[in-house]
Amino acid sequence: MNIPKILHGCGSPTLDSHAATYQNAGKRGFCMRRLLFGLVSCLMATGPAVAEESEIIKWKEVGGWTVASDTSMEGSCFITSIFEGGIRLRLGFYPKGSESPLYMSFASDDWKSLEVGKDYDLTFRFDKSDPWSAAATAAGDESGKFLFVNATDAEFLTGFVRKRTLAIAFDDRVVANLSLRGTGPAAEELLKCQRAVDEIIADEGRKSKEKKSDPFNAPNEKRSARDPFSL
């Protein structure tokens, strides 16, 4: 499974270049290129889409949030936004079969002292509810570093949508106080995006099974090289 990257500008070269792989990788049984074209076709049928030769495919802009699909994470969808002070937050799904259903990553250009691979004990608080603690892992490289945490409870998304603010603290100091305005519509589009990806993946799985069960559907390299029209 790839560590989620922070999005600077969807579909643009300003996307953070750092990407790493760590344990418990999700299953990869389909062609990412076909996923790319399939998702773009779906997007064009439902509305404007932005897709380049990139790992990111934009789904929609809504309420100050960008909804997109990350093909480096098996097409899993996420939402992202930039807040006051340049703090960037991304919330998204891990590929199916992963240990955690959701992740949240956040970054600031000012957090240059982050040590890649190190865990930082942070405290999170929605509105005035009881705070909770979690270890956030630093990732990235010299071009940009960020922190990410895993959400083991899918209900976290519900809280994220219903609350108004999210405060993040380190060593009893609030390092980010983020407005969650617009997360409701963004979450709805996030789920729509993920359903579209899941349907494409399921369709690719069905096609793969059909090919395997058809003994006459030989791969191109096994067909007669003497017949140029044999596709």
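Atoms considered below: every heavy atom in the structure, side chains included; atoms not considered: hydrogens, waters and symmetry mates. Please read these numbers as outputs of a predicted model, since none were measured by experiment.
- The two residues Val161 and Gly184 make their nearest non-hydrogen contact at CG1-CA, 3.6 Å.
- For the pair Phe160 and Leu102, the minimum side-chain heavy-atom distance is 4.5 Å or more.
- To the nearest 0.5 Å, the span separating CD on Glu61 from OG on Ser81 amounts to 9.0 Å.
- The side chain to side chain contact (heavy atoms under 4.5 Å, CB included) test with Leu91 singles out one residue from Thr80, Ile79, Leu166, Thr183, and that residue is Ile79.
- Summarising the geometry of Pro101 relative to Ala151, their closest heavy-atom pair is CD-O, 3.0 Å, with the distance given to 0.1 Å.
- Looking at heavy atoms from C-beta onward, Leu89 lies in side-chain contact with Trp65 at the 4.5 angstrom threshold.
- In this structure, Phe106 and Leu178 have side chains that are not in contact, with every pair of non-hydrogen atoms separated by 4.5 Å or more.
- Taking CD of Glu199 as the start and CD of Gln194 as the end, the distance is 11.0 Å to the nearest 0.5 Å.
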Checklist line | From CA spacing to verdict: side-chain contact (heavy atoms from CB on, under 4.5 Å), Leu180, Arg164 | finding: CA-CA 5 Å; Leu180 300 182; Arg164 296 181 179 179; 5.7 Å; no

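- Not a single donor-acceptor pair under 3.5 Å links the side chain of Ser69 to the backbone N or O of Ile57.
- A heavy-atom distance below 4.5 Å is found between the side chains of Arg88 and Asp109.
- Between the CD1 atom of Ile56 and the CE atom of Met73 there is a distance of 9.5 Å, given to the nearest 0.5 Å.
- Panel note: side chain Asp141, backbone Ser143; a donor-acceptor pair is recorded below 3.5 Å.
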Next item on the list: Determine, stepwise, if the pair Trp59 / Val197 fulfils side-chain contact (heavy atoms from CB on, under 4.5 Å).
Entry: CA-CA 11 Å; Trp59 172 268; Val197 169; over 6 Å; no

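- The two residues Ala186 and Val67 have their closest heavy-atom pair at O-CG2, 4.0 Å.
- Looking at heavy atoms from C-beta onward, Asp198 lies in side-chain contact with Lys96 at the 4.5 angstrom threshold.
- Side-chain atoms of Asp127 come within 3.5 Å of backbone N or O of Thr165 as a donor-acceptor pair.
- Between Lys145 and Trp111 there is no side-chain heavy-atom pair separated by less than 4.5 Å.
- Partners of Arg195 under the side-chain contact (heavy atoms from CB on, under 4.5 Å) rule, at least two apart in sequence or in another chain, are Leu191, Lys192.
- Looking only at distances, no side-chain donor or acceptor of Ser108 sits under 3.5 Å from a matching main-chain atom of Ile87.
- Atom OG1 of residue Thr123 and atom CZ of residue Phe170 lie 10.0 Å apart, to the nearest 0.5 angstrom.
- Looking at Tyr120 and Glu115, their side chains come closer than 4.5 Å, going by heavy atoms from C-beta outward.
- Separation of atoms NZ (Lys128) and NZ (Lys163) is listed at 12.0 Å; rounding is to 0.5 Å.
- Counting heavy atoms from C-beta on, the side chains of Val175 and Leu122 never come closer than 4.5 Å.
- A distance of 11.5 Å separates SG in Cys193 from NZ in Lys60, rounded to the nearest 0.5 Å.
- Screening Phe148, Phe93, Tyr94, Phe146 for a ring-ring contact (aromatic ring centres under 6.0 Å, His included) involving Tyr103 leaves a single residue, Tyr94.
- Here the closest heavy-atom approach between residue Ala135 and residue Asp121 is recorded as CB-OD1, 4.0 Å.
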